[in-house]
Every structure is written in C-alpha cells, then in structure tokens.
Amino acid sequence: KFIGDLTGLHVLEEQIKEILQVDRVVVVPGDSDDNTWVQKEMGKACIASLKKLVGKQNTIAVTGGTTMAAVAESMTSLNKESEFLFVPARGGIGEKAENQASRIVEEMAKKVGGEYRQLYVPDPISDTTYETIINEPSIMEVIQRIKGADIVIHGVGDALKMAERRRTPDDVITLLKEKNAASEAFGYYFDQTGNVVHKVKTVGIQLEDLDNVDNVITVAGGRSKGVAIASYFKRGRGDLLVTDQGAAEQILRGS
Ligand code: F6P
C-alpha cells in the first residue's frame, strides 16, 4: 500500500528529519524489501540531490552494496563543466564483484565522464599488512584522495545480515549478538544507541574523517533496515538521507 499523494511523503520526510536529526530527507514511495525497482527510485532521487551539490572539482567517495549499485545504475551526466573523481570509500568489504565499491566507482565515472581510482587492499586487513600497505606510494595517493573527498555516498546495512554476507568469523558474530549490534556502515558496527561495538580494520574512510567532508549522503531503504538506519544516525554523520516509505514508516513505528 502506497501513500498515493506526495503530501503524505513530505509529512513523512519532516517526521524522519525530526526523529533522526538529519538536515535533509528524501522518501521515495514503496518498500525496497518488496520491490527491487524501489531501490532504483532511491538511486534516481540520490542522483537528483547530488546534482545540486556538485562544485567545480569533485572527489566523490562511495561504498559498496546493492543500494550503491542501484545508485550507479541511475547515474547520469552531472555537470559537463565540472571535474569528477570517484574513489571507493574503503578497501572492498567482502561483497560480490558487482556490488563492490571498485566496480561501482568505475561505472559512475564512465557515466559522468570523470575519473576513478581503485583501492586494492584486503578487507579485513591484518595489523602487519596494514602498516606496510599504507606506506605504499600508490596506495597512499588513493588514501589521500579518499580522505579529501568532498562528497561521500554510502549504504547502511543490518548488522547481522552484513556480518553474514561478509563471512565474518563465528566469534565476531557471537560478539555482535552479545552487544546487540544493529547497523553497519563503513565497516563499523553500531548498537541501537549508536555505540561502535565492532570495527573491521581496513584502509580508507574512518568515521572521524566524515567531519571533513562537505556532504555525506546516506542511501538505505526497506522496512528491514528501519532499525539499522535509526542506529546509524545516533552516531554516524549523514547530511542527506535518501530512503523509502517502508523504512521511513518502520523508523516512525520504532520511535
Ligand atoms: O559493504 C558495503 C556497504 O555499503 C555496507 O557498509 C552496508 O552495510 C551495505 O553495503 C549495504 O548493502 P545493501 O545496499 O546491499 O543493503
């Protein structure tokens, strides 16, 4: 069942802004848990908002996942006068090839007529490899670009679903359950009050780096992600949330 009119969605957007304390919220009709086209609608809404944010030179960091893949699919030419560099926000976090940030940045850059960089590092990464790898000049260059991003576009997932998707070791899954992990974003797992209960070690964007970014766009929908979205916004930064009606109504019910 959809709220047929736009007024209903606008009311929902205002309510979500208030509950999550986010500056801007866009709610598209439908529930991406039920229909995959809703994810594409979120993708289109994300691109429409992104167009208004671009400057002359833009470094855009993106994460992986099916939602980000839908954003890439909806990508169109943004502004012919501007320059664009797309970078993966972190090393590939155990996603299927088509949903990896490295593939997504390539698709986005090609559609926009911009450049892209890849980040070939294991994720998760061991402490010893980490120390060696971050001193590699080619890796260092990409990391600097990532940390200097003007815009970050990222997904949010349900903590346990994401842990399973990444074939996380059993002891970590047990810990996530014990600590009531609710959401995951950027390799960080948060509980319902926004505490970081676990973090996957990798290179790329760390939570504190988001403070230096002009715009953080969060794209996540589906009623099954309502709790995860609310949990992420307790702690993580997001200036614009693009979501769907299913998730928005779930967030309202949960508050
Ligand atoms: O693995 C990258 C990532 O952006 C995660 O941080 C996030 O939890 C997940 O993908 C979201 O995936 P999806 O859009 O498929 O739900």
Side-chain angles (χ1 to χ4, degrees), residues 28 31-46 60-75 86-105 107-108 118-119 121-125 146 149 151-168 172-173 176 181-191 194 196-207 209-210 216-233 235-238 241-244 246-247 250:
V28 305
D31 187 327
S32 43
D33 283 355
D34 302 328
N35 303 93
T36 44
W37 55 262
V38 179
Q39 228 177 18
K40 298 208 175 78
E41 290 306 310
M42 287 196 290
K44 284 187 206 157
C46 173
I60 304 180
V62 300
T63 67
T66 59
T67 314
M68 284 303 119
V71 173
E73 206 180 310
S74 307
M75 185 62 91
F86 291 87
V87 288
R90 297 175 50 120
I93 312 189
E95 295 277 10
K96 282 189 196 154
E98 65 269 30
N99 299 328
Q100 276 170 13
S102 51
R103 197 217 41 92
I104 292 170
V105 292
E107 181 178 348
M108 287 182 172
Q118 302 287 27
L119 186 61
V121 297
D123 192 332
I125 192 170
I146 295 171
I151 298 173
V152 171
I153 314 176
H154 77 99
V156 174
D158 171 83
L160 292 177
K161 271 192 205 151
M162 282 314 297
E164 266 149 38
R165 199 158 102 185
R166 289 176 181 153
R167 294 188 195 85
T168 306
V172 177
I173 303 234
L176 291 173
S183 66
E184 188 284 339
F186 303 108
Y188 289 79
Y189 288 85
F190 306 90
D191 67 12
V196 175
V197 295
H198 178 65
K199 175 179 180 294
V200 181
K201 189 174 179 98
T202 183
V203 297
I205 286 209
Q206 309 297 313
L207 217 48
D209 295 327
L210 295 179
V216 179
I217 307 178
T218 309
V219 193
R223 62 184 177 282
S224 62
K225 277 195 195 176
V227 171
I229 296 168
S231 145
Y232 172 75
F233 278 98
R235 170 70 187 271
R237 178 171 163 201
L241 166 66
V242 179
T243 188
D244 62 19
Q250 183 59 43

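Order of listing sets the numbers, starting from 1, for every ligand and every atom in it. Along the sequence shown, residues carry numbers from 1.
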So with a 6.0 Å cut-off around NZ of K201, is the heavy-atom count from everything else above 12? yes
Please identify each residue that fulfils ring pair (Phe, Tyr, Trp, His ring centres under 6.0 Å) with Y232, with sequence neighbours left out. H154, F190
Just how far is it from atom OG of S102 to atom CD of Q118, taken to the nearest 0.5 Å? 5.0 Å
Charged N to carboxylate O below 4.0 Å: is that the case for R103 and E98? no
Of T36, N35, D31, which meets side chain to side chain contact (heavy atoms under 4.5 Å, CB included) against D33? D31
Shortest non-hydrogen contact from R90 toward G187: NH2-CA, 4.0 Å
Between ligand 1 and the protein, tabulate every N or O atom pair separated by less than 3.5 Å, reporting distance only.
unit_1   : atom_1 : unit_2 : atom_2 : d
ligand 1 : 1 (O)  : E95    : OE2    : 2.5
ligand 1 : 1 (O)  : R166   : NH2    : 3.2
ligand 1 : 4 (O)  : T63    : OG1    : 3.0
ligand 1 : 4 (O)  : G64    : O      : 2.8
ligand 1 : 6 (O)  : E184   : OE1    : 2.7
ligand 1 : 8 (O)  : G157   : N      : 2.9
ligand 1 : 8 (O)  : E184   : O      : 3.2
ligand 1 : 8 (O)  : E184   : OE1    : 2.6
ligand 1 : 10 (O) : G64    : O      : 3.2
ligand 1 : 10 (O) : E95    : OE2    : 3.4
ligand 1 : 12 (O) : R165   : NH2    : 3.0
ligand 1 : 14 (O) : T66    : N      : 3.4
ligand 1 : 14 (O) : T66    : OG1    : 3.4
ligand 1 : 14 (O) : T67    : N      : 2.9
ligand 1 : 14 (O) : T67    : OG1    : 2.4
ligand 1 : 15 (O) : T66    : N      : 2.7
ligand 1 : 15 (O) : T66    : OG1    : 2.5
ligand 1 : 15 (O) : R165   : NH1    : 3.0
ligand 1 : 15 (O) : R165   : NH2    : 3.2
ligand 1 : 16 (O) : K225   : NZ     : 2.6

